[in-house]
Amino acid sequence: MLLSNLELIPNRTIAEHLGVVQGSTVRSKHVGRDIMSSLKNVVGGELKAYTELMNEARLQATNRMVEQAEQLGANAILNVRYVTTAITAGAAEILAYGTAVVLE
Amino acid sequence: MELLIKLFIFVVLILVGYFRGMRNRRLHVEALTGEERELRDILIFAARTPDLTIPGPHDPVLVCGNAVIGSDHFRIFLSSLRKFVGGNQPVYEELTNRARRQAIVRMKAAARSAGARMVFNVRYETTQIANNRQGELAQVEVLAYGTVLIPTSADASDRRHHYVPASERDIGETPAYETFKNPHGMISLGLILALAIYVVFESLAAHGSDLLVRYLNGAPWTAFCILSTVVALVTGWTFRHTRLPWSDRIIIGLLFIPVMTFSLYFLGMRLDSATAGDWRDAHFTLQNDLSLKPIDPALPVVRLDSVNDDYWQAQPKGMNVTLRLRHGWLGYQYDAGPIAAKYRAFKARQSPRVGGS
């Protein structure tokens, strides 16, 4: 499964468009790490715990999108976009969506 | 007084925020500049279409980089003053700028490790992580992502650049994380439930019969407590590699210790009874300090529960008291049935007097 941000790939032709596929996950902060990060807030700087959290969320959302595309029988997803929203206090949703295609 | 403490904490936070925050920001910016210089040969393009003149078939690979940056108390305090007069907020501008730079640097590093020099169609995605309602400070996440094109063979079976689904560990989720799906968690909870049922059963059984067996001079609660704590710690250490989250382990430990202590109480009593000799009557004399001194010097001095002291106060000192004793592996037991009957009769005589007609 090839993933791409681009709308088309040079020197590769698209045999078939299989529609939009998406994967999303909602993650919230761990209470323990939340307390640690509140302490970090006093001095500012990068919050590694949250960076990891968002990274893991992104990987999971991408996994789910790829699963959906594989079920459709695609071999590439083009025009991948990520969208993040804050759902509720301390929880964020990341959505990954793209166009599933068959490249020949 | 409370106000003074709050003011003091506020001032401390501001000062720490100022000094450490300034230092952290400076270090971060220096590190960023170093990383950017090292990765400056990687070009990024915001254009939607890549350079179509690149010859040969290419495989696209998605590269991402993200960063979460938070600000410190001092800067937030400054920005809140700025809000009164309006205008741009350099504090937050600097925050998002640093987050963006860090995200781009990470994306470029991912592009380099994929073996490319150009990243196309770079997009930014910004989110606020902090919750303003709970008064959290500004924390912003920036995700930068784009596509690199890697030259590939024309063979369709070449899957080198295909996306590899992230493993469970990378996602931070393991199936055994759920306590109720983890066998170790379920076995521990089942054991605690079984012990609790045993304790309840024993307590009810004791109520039914006239024979009320008790430890002489009280049960060794401290010993039982320490023993159950040791058992909990040893079990925890033996199974430390199971994928049970720490919060669950602590809760299971806290449930286990009291339940185990009570079970040991009853089990000790059973063991003592099983290994004891016959019942025999032992004679004691009531002393002034409400203890019972044995007539046979081989027996220990008995100090009964202080809950019933008012009964013993009312008795004449030097009175003869008979207790049925027997001796097992864990010490003396006595039959508290007749004594309990005397306590009840005494209390029954007391209460009508207190309650009035």
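Note that the coordinates shown come from a computational prediction; the quantities given were computed from them, not determined experimentally. Below, chains carry the letters A, B, ... as their sequence lines are ordered, and counting in each starts from 1.
Side-chain N/O atoms of A:Asn63 and B:Tyr163 include a donor and acceptor closer than 3.5 Å.
Sorted by first then second residue, the salt bridge (charged side-chain N to carboxylate O under 4.0 Å, His left out) pairs that include residues 66-82 of chain A, not counting sequence neighbours, number zero.
Using a cut-off of 4.0 Å between Lys/Arg side-chain N and Asp/Glu carboxylate O, B:Glu38 and B:Arg112 are scored as salt-bridged. Of the charged side-chain nitrogens involved, at least one lies within less than 4.0 Å of a carboxylate oxygen, so that A:Glu46 and B:Arg106 count as a salt-bridged pair.
Your options are B:Glu141, B:Arg98, B:Glu125, and the one with the most heavy-atom pairs under 4.5 Å with chain A is B:Glu125. Most heavy-atom pairs under 4.5 Å with chain A, from the set B:Met22, B:His58, B:Gln102, B:His28: that is B:His58.
Listed by chain and residue number, B:Tyr18 satisfy the ring pair (Phe, Tyr, Trp, His ring centres under 6.0 Å) test with B:Phe74 (two or more places apart in sequence, or in another chain). By the side chain to side chain contact (heavy atoms under 4.5 Å, CB included) test, B:Leu3 is found to be paired with no residue, residues two or more places apart in sequence or in another chain being considered.
Each of B:Arg101, B:Arg25, B:Arg26, B:Arg100 was compared with B:Glu94 under the salt bridge (charged side-chain N to carboxylate O under 4.0 Å, His left out) criterion, and only B:Arg25 meets it. Checked against A:Val101 for a side chain to side chain contact (heavy atoms under 4.5 Å, CB included), the options A:Ile9, A:Leu78, A:Leu72 give a single hit: A:Leu78.
Looking at A:Thr62, both its backbone and its side chain come within 4.5 Å of chain B, counting heavy atoms on both sides. Using a 4.5 Å cut-off between heavy atoms, A:Leu3 touches chain B through backbone and side chain atoms alike. Interface residue B:Leu143: only side-chain heavy atoms are found under 4.5 Å from chain A. Only the side chain of A:Val66 has a heavy atom closer than 4.5 Å to any heavy atom of chain B.
Looking only at side-chain heavy atoms (C-beta outward), A:Leu2 and A:Asn75 stay at 4.5 Å or farther from each other.
Applying a 4.5 Å heavy-atom cutoff, the residues of residues 60-68 of chain B that approach chain A are B:Pro60, B:Val61, B:Leu62, B:Cys64, B:Asn66, B:Ala67, B:Val68.
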